[in-house]
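Please read the structure below before turning to the comments.
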Amino acid sequence: MPEPRCNSYYNATINDDTQYPRLEGEHRVDVVIVGGGFTGVASAVELAERGYKVAIVEANKIGWGATGRNGGQVTGSLSGDQAMTKQLSNRLGCEAEKFVWDLRWRGHEIIKSRVKKYNIECDLKFGHLHTAYKPAHMAEMQATYDEAVKRGMGDEVSLLSKKDIPQYLETPLYHGGLLNKRNMHLHSVNLCIGEARAAEHHGALIFENSPVIDIADGALPVVTTAHGSITANSVLLAGNAYHKLARKRLAGMLFPASLGNCATVKLTPEVAQAINPHDIAVYDSRFVLDYFRMTADHRLMFGGGTNYSGRDSKDLAKELRPGIERTFPRLKGVEIEFEWTGMAGIVVNRIPQLGKVSKNVFYCQGYSGHGVATSHIMGEIMANAIIGELTEFDLFAGMKHIRLPVGEWLGNQGMALGMLYYRMMENFR
């Protein structure tokens with residue numbers, strides 16, 4: 001059964017909530033997209049702008065899943081970058097590193113352009129700090145800084161020492177960091193809804209509260225819900241960790257991990273200015289990290305402690321509060337007004353998974369916690385693939401992935417044990 005929006009800060013501050021109809025009756029379009037999150041909506045905008053008749057079929061509400069439950073950070077931290085570069089080097093040679101580097105920033109440009117073009121109000125702001133949790137982590141910051149400068153980003157990045165941190169954050173925790181002025185943060189649900197309105201403006205049909213129960217393959221695949229169906233030339237599965245379709249093809253490839261976020265009550269402008277004077281987004285350098293930023297109305301949004309078991313946390317505020325108070329001692333005892341979880345799609349090698357279930361049924365999934373920017377990149381690649389421009393799609397579809405020959409529950413336990421190992425290794429890093 002369709003479910004309402006969760007109790008998140010995003011959903012409490014939607015500019016213009018959606019009221020799209022349930023899918024009823026029979027329809028005919030060029031492309032059906034299953035899933036109304038960033039991947040599905042971004043792909044729909046790309047296709048609709050080019051004149052294709054598109055339909056989005058969402059089980060709940062636009063932006064209901066991970067799209068509306070993340071930290072709202074748009075960064076160049078591309079998931080699986082090293083594994084991706086290694087595999088691509090066999091096909092792109094020395095150009096593989098440049099391809100992956102450029103890919104890091106492509107989602108930023110798509111989002112910025114779309115926000116400007118369609119006048120989407122989503123609290124888009126610039127500035128991000130990757131903080132060193134231990135002195136040894138500064139080597140990673142230095143390497144990233146050096147590469148950014150080498151590739152022409154010298155005026156957008158700064159390497160900060162421990163003594164520089166108080167200029168940016170009122171915290172005792174960090175030993176330095178990498179400040180990036182190209183990275184962004186935003187209101188995820190308002191962005192997604194704004195993009196859905198853009199797709200609708202170009203003729204896209206959007207259906208909410210319409211869980212897909214079957215996809216019939218064939219020369220013209222048919223997507224069926226309880227109350228209607230759509231026949232199309234192509235179908236894109238864009239539900240990530242939230243759909244259970246095409247299990248024969250996709251089982252064992254992706255596993256859900258619960259990401260927890262919360263938002264405090266509104267802080268006074270003076271307190272907000274004191275703890276984060278430049279209004280930047282932040283995440284730290286640990287394997288299982290904390291991430292945070294200020295909202296437009298002066299709340300601290302704080303997330304962390306990914307649960308790789310696939311289960312939601314029982315008391316998220318209790319779990320996140322120590323991290324908040326450790327980071328910002330001034331906020332000890334602060335009231336938490338919103339708390340929510342969301343399922344990210346985790347891939348063993350962290351490389352996004354693109355491919356086909358059948359000749360004209362595509363899938364795109366698995367951003368491993370880096371989905372805001374990556375989903376927009378993949379939306380562009382998938383739209384190109386659906387209209388026959390397959391060069392980049394084939395690069396990703398040709399990636400080798402690890403398929404675990406176990407059920408989802410057992411796979412999640414394996415992922416949880418793996419992350420426990422990495423947490424233990426953090427002590428020696």
Side-chain angles (χ1 to χ4, degrees), residues 2 14-65 67-68 107 109-122 189-212 215-216 218-225 227-239 243 360-364 375-390 393:
I14 291 175
N15 292 331
D16 179 23
D17 204 356
T18 56
Q19 298 296 333
Y20 290 113
R22 183 177 70 180
L23 174 59
E24 296 182 347
E26 298 179 356
H27 301 263
R28 175 71 168 91
V29 298
D30 297 319
V31 184
V32 177
I33 298 172
V34 180
F38 275 142
T39 300
V41 171
S43 301
V45 175
E46 296 282 351
L47 290 163
E49 284 181 335
R50 304 179 206 188
Y52 288 83
K53 187 70 173 179
V54 181
I56 299 173
V57 184
E58 163 58 39
N60 299 292
K61 302 282 282 185
I62 293 296
W64 179 90
T67 289
E109 297 307 312
I110 294 170
I111 292 171
K112 285 192 299 181
S113 174
R114 200 161 287 164
V115 166
K116 181 179 179 180
K117 180 176 182 178
Y118 295 107
N119 194 28
I120 300 173
E121 296 182 0
C122 59
V189 174
N190 281 337
L191 173 61
C192 190
I193 291 176
E195 291 180 292
R197 303 291 190 208
E200 182 184 23
H201 171 76
H202 288 284
L205 303 175
I206 302 178
F207 301 100
E208 294 182 319
N209 301 313
S210 303
V212 171
I215 300 175
L220 295 176
V222 180
V223 172
T224 303
T225 69
H227 302 280
S229 65
I230 309 178
T231 302
N233 299 328
S234 302
V235 175
L236 170 60
L237 299 180
H243 79 84
N360 44 14
V361 178
F362 297 78
Y363 66 88
C364 182
S375 58
H376 285 79
I377 301 166
M378 297 304 152
E380 186 175 68
I381 293 174
M382 296 309 300
N384 288 338
I386 287 169
I387 66 176
E389 300 170 11
L390 295 166
F393 172 81

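Please read these numbers as outputs of a predicted model, since none were measured by experiment.
- Proximity of Glu46 to His376: side-chain heavy atoms (C-beta onward) are nowhere separated by under 4.5 Å.
- Taking both residues in full, the closest heavy atoms of Gly68 and Val189 are given as CA-CG2, 3.5 Å, listed atom of the first, atom of the second, then distance.
- Note that CG of Asp17 and CD1 of Ile62 are 10.5 Å apart. Values are rounded to the nearest 0.5 Å.
- Of the candidates Thr231, Ile215, Val235, Thr231 is the only one forming a side-chain contact (heavy atoms from CB on, under 4.5 Å) with Val222.
- Annotation: side chain of Arg197 is not in contact with side chain of Ile120 (no heavy-atom distance under 4.5 Å).
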Check: Would Asn190 and Glu121 satisfy side-chain contact (heavy atoms from CB on, under 4.5 Å), going step by step from the backbone distance to the final call?
Finding: CA-CA 7 Å; Asn190 281 337; Glu121 296 182 0; over 6 Å; no
Notebook entry, point to check: Please walk me through it: do Arg28 and Asn233 pass side-chain contact (heavy atoms from CB on, under 4.5 Å)?
Noted result: CA-CA 9 Å; Arg28 175 71 168 91; Asn233 299 328; 3.0 Å; yes
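- Rounded to the nearest 0.5 Å, atoms CD1 (Ile111) and CD (Glu195) are 7.0 Å apart.
- In this structure, the side chain of Asn360 does not engage the main chain of Leu220 through any donor-acceptor pair within 3.5 Å.
- To the nearest 0.5 Å, the span separating CD1 on Ile193 from SG on Cys122 amounts to 11.5 Å.
- With a 4.5 Å cut-off on side-chain heavy atoms, Pro221 and Ser234 do not count as touching.
- In this structure, the separation between CD on Glu49 and CZ on Arg114 is 6.0 Å, given to the nearest 0.5 Å.
- Residues that satisfy the ring-ring contact (aromatic ring centres under 6.0 Å, His included) test with Phe362, not counting sequence neighbours, are Phe393.
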Check: Under the side-chain contact (heavy atoms from CB on, under 4.5 Å) criterion, do Val41 and Thr67 qualify, and how do the steps go?
Finding: CA-CA 10 Å; Val41 171; Thr67 289; over 6 Å; no
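- Judged by distance alone, the side chains of Tyr20 and Glu58 never bring a donor and an acceptor atom under 3.5 Å apart.
- Remark: His243 NE2 to Leu237 CG distance equals 5.0 Å, nearest 0.5 Å.
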For residues 30-39, which side-chain N or O atoms pair as donor and acceptor with protein atoms under 3.5 Å away, sequence neighbours left out?
residue : atom : partner : partner atom : Å
Asp30   : OD2  : Lys53   : N            : 2.8
Thr39   : OG1  : Tyr367  : OH           : 2.7

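- Two residues are said to be in side-chain contact when any heavy atoms from C-beta on lie closer than 4.5 Å; Gln19 and Lys61 meet this criterion.
- Side-chain contact between Tyr52 and Ile386 is absent, with no heavy atoms from C-beta onward closer than 4.5 Å.
- Residues satisfying the side chain to side chain donor-acceptor pair (under 3.5 Å) criterion with Glu26, sequence neighbours excluded, are absent altogether.
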Next item on the list: Tell me, with the steps shown, if Ile56 and Glu200 meet side-chain contact (heavy atoms from CB on, under 4.5 Å).
Entry: CA-CA 10 Å; Ile56 299 173; Glu200 182 184 23; over 6 Å; no
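- Taking every heavy atom of both residues into account, Ser375 and Ala42 meet most closely at O-CB, 4.3 Å.
- Of all the heavy atoms in Gly379 and Ser43, the pair that sits closest is CA-OG, 3.2 Å.
- Interatomic distance, OG1 of Thr225 versus CG of Leu23, reported as 4.0 Å (0.5 Å rounding).
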